[in-house]
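Below you'll find the structure, written out as structure tokens, and then a few comments.
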Amino acid sequence: MIRLKNLSKSYNLGKEEIPILKRISLDVEEGEFLAIMGPSGSGKSTLMNILGCLDLPSSGDYELESMNMLTGHANKLAEIRNQFIGFVFQSFHLLPRLTALQNVELPLIYSGLKKKERKERAMDALKKVGLEDRASFRPPQLSGGQRQRVAIARAIVNKPKFILADEPTGALDTKTGEQILSLFKKLNGEGVTIIMITHDEEVAKKADRIIYIRDGELFKERSEDVHA
Ligand SMILES: Nc1ncnc2c1ncn2[C@@H]1O[C@H](COP(=O)(O)OP(=O)(O)OP(=O)(O)O)[C@@H](O)[C@H]1O
Ligand SMILES: [Mg+2]
């Protein structure tokens, strides 16, 4: 479903070109639950931003279901992003003045659905994460775990091709984090493809496959093993 080929990203700092991602190649199948692990500064968020069409690589290819993702115009990319990708962030990124239901409804605003249908779809997504009884609560009235579940409901409401989660349990205590991971597991069991970034081995173990990133390069094994 996703194919990255020789993807590189570098930043120009003055005259110097700093490589951040180095010729990354990666295939992700539909229905996979993949974890990407790596230390701070290794390029995880940079990779996630490219996967999420929030940023462009310096060179290489990115295909999603055989569509070339790197030749599209900016507004087409925004559309693809909205239709195909659900985002989950460490710090939830909910709008505090909107209710849980309104937050979940947001990605549907551009979909041309009627208001009533939007509400129904948003409520269905909230049910999936077990929060239908909190639909009228605003984020400040919810716990951290509940906020992340609202964010996950928002991520799935458009029935995306895949979910990109950057440190989704990073701001949560262990037990709440486990609930979020169980929810990902459940959604994955229903067919949702998940790509999750984490620096926590215990969190990564919940995925079907782990790949490691170190200094902008991908490894199939932990870096210690690679260099042992
Ligand atoms: N706009 C930028 N200009 C220059 N360098 C950048 C820029 N954005 C990120 N970098 C560099 O790219 C490297 C990778 O950053 P990235 O945010 O992808 O790391 P990460 O693996 O997500 O780390 P963390 O676990 O701390 O979130 C870092 O060394 C960072 O300094
Ligand atoms: Mg990061």
Side-chain angles (χ1 to χ4, degrees), residues 1-2 28 30-36 44-45 48-49 51-54 81-111 113 118-200 202-208:
M1 182 175 75
I2 293 171
V28 184
E30 185 157 10
E32 259 201 282
F33 185 176
L34 174 72
I36 301 178
K44 301 186 298 295
S45 295
M48 157 136 171
N49 288 342
L51 280 169
C53 302
L54 298 163
R81 191 158 63 221
N82 187 48
Q83 254 183 38
F84 291 159
I85 312 172
F87 291 92
V88 178
F89 301 95
Q90 176 171 358
S91 49
F92 323 129
H93 290 203
L94 299 173
L95 295 181
R97 289 171 195 274
L98 299 185
T99 65
L101 187 71
Q102 289 166 334
N103 267 286
V104 175
E105 238 182 283
L106 274 182
L108 298 174
I109 301 274
Y110 312 98
S111 64
L113 289 177
R118 287 206 309 259
K119 273 210 152 60
E120 283 169 8
R121 290 263 299 264
M123 195 52 123
D124 282 345
L126 276 177
K127 275 187 194 141
K128 275 220 150 99
V129 303
L131 281 180
E132 62 268 42
D133 60 338
R134 294 288 187 275
S136 63
F137 283 51
R138 290 169 214 280
Q141 302 166 314
L142 297 169
S143 71
Q146 288 171 336
R147 286 182 209 182
Q148 195 59 303
R149 278 149 66 197
V150 173
I152 293 170
R154 181 186 56 190
I156 60 174
V157 75
N158 252 343
K159 308 200 186 313
K161 295 274 173 214
F162 64 99
I163 290 182
L164 270 180
D166 194 354
E167 298 279 2
T169 63
L172 304 173
D173 60 76
T174 310
K175 199 162 162 249
T176 312
E178 277 167 10
Q179 290 167 2
I180 294 300
L181 288 167
S182 308
L183 180 56
F184 276 146
K185 270 269 183 233
K186 188 184 111 187
L187 293 171
N188 181 242
E190 293 167 9
V192 182
T193 307
I194 299 174
I195 301 176
M196 174 177 74
I197 287 170
T198 180
H199 60 254
D200 185 333
E202 291 306 311
V203 169
K205 275 182 191 159
K206 296 286 193 308
D208 303 326

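Each residue takes its place number in the sequence, starting with 1. The model shown is predicted, which means the values in this text are computed figures rather than measured ones.
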Just by modelled atom types, is the [Y] backbone N or O under 3.5 Å from a matching donor or acceptor in the [X] side chain?
{"X": "Arg81", "Y": "Cys53", "result": "yes"}
{"X": "Asn158", "Y": "Leu108", "result": "no"}
{"X": "Thr176", "Y": "Leu172", "result": "no"}
{"X": "Arg149", "Y": "Val129", "result": "yes"}
{"X": "Gln146", "Y": "Ser143", "result": "yes"}
{"X": "Glu30", "Y": "Phe162", "result": "no"}
{"X": "Arg147", "Y": "Leu142", "result": "yes"}
{"X": "Gln148", "Y": "Pro168", "result": "yes"}
{"X": "Thr193", "Y": "Gly31", "result": "yes"}
{"X": "Arg121", "Y": "Val157", "result": "yes"}

Item to complete: Test side chain to side chain contact (heavy atoms under 4.5 Å, CB included) on Met1 and Glu32 and set out the steps.
Response: CA-CA 10 Å; Met1 182 175 75; Glu32 259 201 282; over 6 Å; no
Worksheet item: Is any side-chain heavy atom of Leu95 closer than 4.5 Å to a side-chain heavy atom of Leu106?
Response: yes
Worksheet item: Quick one: are Phe87 and Leu54 in side-chain contact, heavy atoms under 4.5 Å?
Response: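 Sidechains of Leu54 and Phe87: in contact.
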Taking every non-hydrogen atom, the tightest pair across [X] and [Y]:
{"X": "Phe184", "Y": "Ala165", "value": "CZ-CB, 3.9 Å"}
{"X": "Gly86", "Y": "Pro160", "value": "N-CB, 3.6 Å"}
{"X": "Ser45", "Y": "Asp166", "value": "OG-OD2, 2.9 Å"}
{"X": "Lys128", "Y": "Lys186", "value": "O-NZ, 2.8 Å"}
{"X": "Leu101", "Y": "Ala122", "value": "CD1-CB, 3.7 Å"}
{"X": "Leu181", "Y": "Met196", "value": "CD2-SD, 3.6 Å"}

Discussion item. As a quick check of understanding, evaluate side chain to side chain contact (heavy atoms under 4.5 Å, CB included) for Leu94 and Arg154, giving each step before the final call.
Written reply: CA-CA 9 Å; Leu94 299 173; Arg154 181 186 56 190; 3.8 Å; yes
Worksheet item: With Val104, which of Ile156, Asp124, Val150, Ile152 fulfils side chain to side chain contact (heavy atoms under 4.5 Å, CB included)?
Response: Val150
Is the shortest distance from a Lys or Arg side-chain nitrogen in [X] or [Y] to a carboxylate oxygen in the other one below 4.0 Å?
{"X": "Lys205", "Y": "Glu202", "answer": "yes"}
{"X": "Lys127", "Y": "Glu132", "answer": "no"}
{"X": "Asp208", "Y": "Lys185", "answer": "yes"}

Gap separating the [atom1] atom of [X] from the [atom2] atom of [Y], nearest 0.5 angstrom:
{"X": "Lys119", "Y": "Leu126", "atom1": "NZ", "atom2": "CG", "value": "12.0 Å"}
{"X": "Asn103", "Y": "Leu98", "atom1": "CG", "atom2": "CG", "value": "5.0 Å"}
{"X": "Thr174", "Y": "Gln179", "atom1": "OG1", "atom2": "CD", "value": "11.5 Å"}
{"X": "Asn188", "Y": "Ser182", "atom1": "CG", "atom2": "OG", "value": "12.5 Å"}
{"X": "Met123", "Y": "Arg118", "atom1": "CE", "atom2": "CZ", "value": "15.0 Å"}

Fill in: Ile195 and Ile163: CA distance, side-chain angles, deciding distance, side chain to side chain contact (heavy atoms under 4.5 Å, CB included) verdict
CA-CA 6 Å; Ile195 301 176; Ile163 290 182; over 6 Å; no
Item to complete: Could you go through the side chain to side chain contact (heavy atoms under 4.5 Å, CB included) check for Gln102 and Arg97 one step at a time?
Response: CA-CA 9 Å; Gln102 289 166 334; Arg97 289 171 195 274; over 6 Å; no
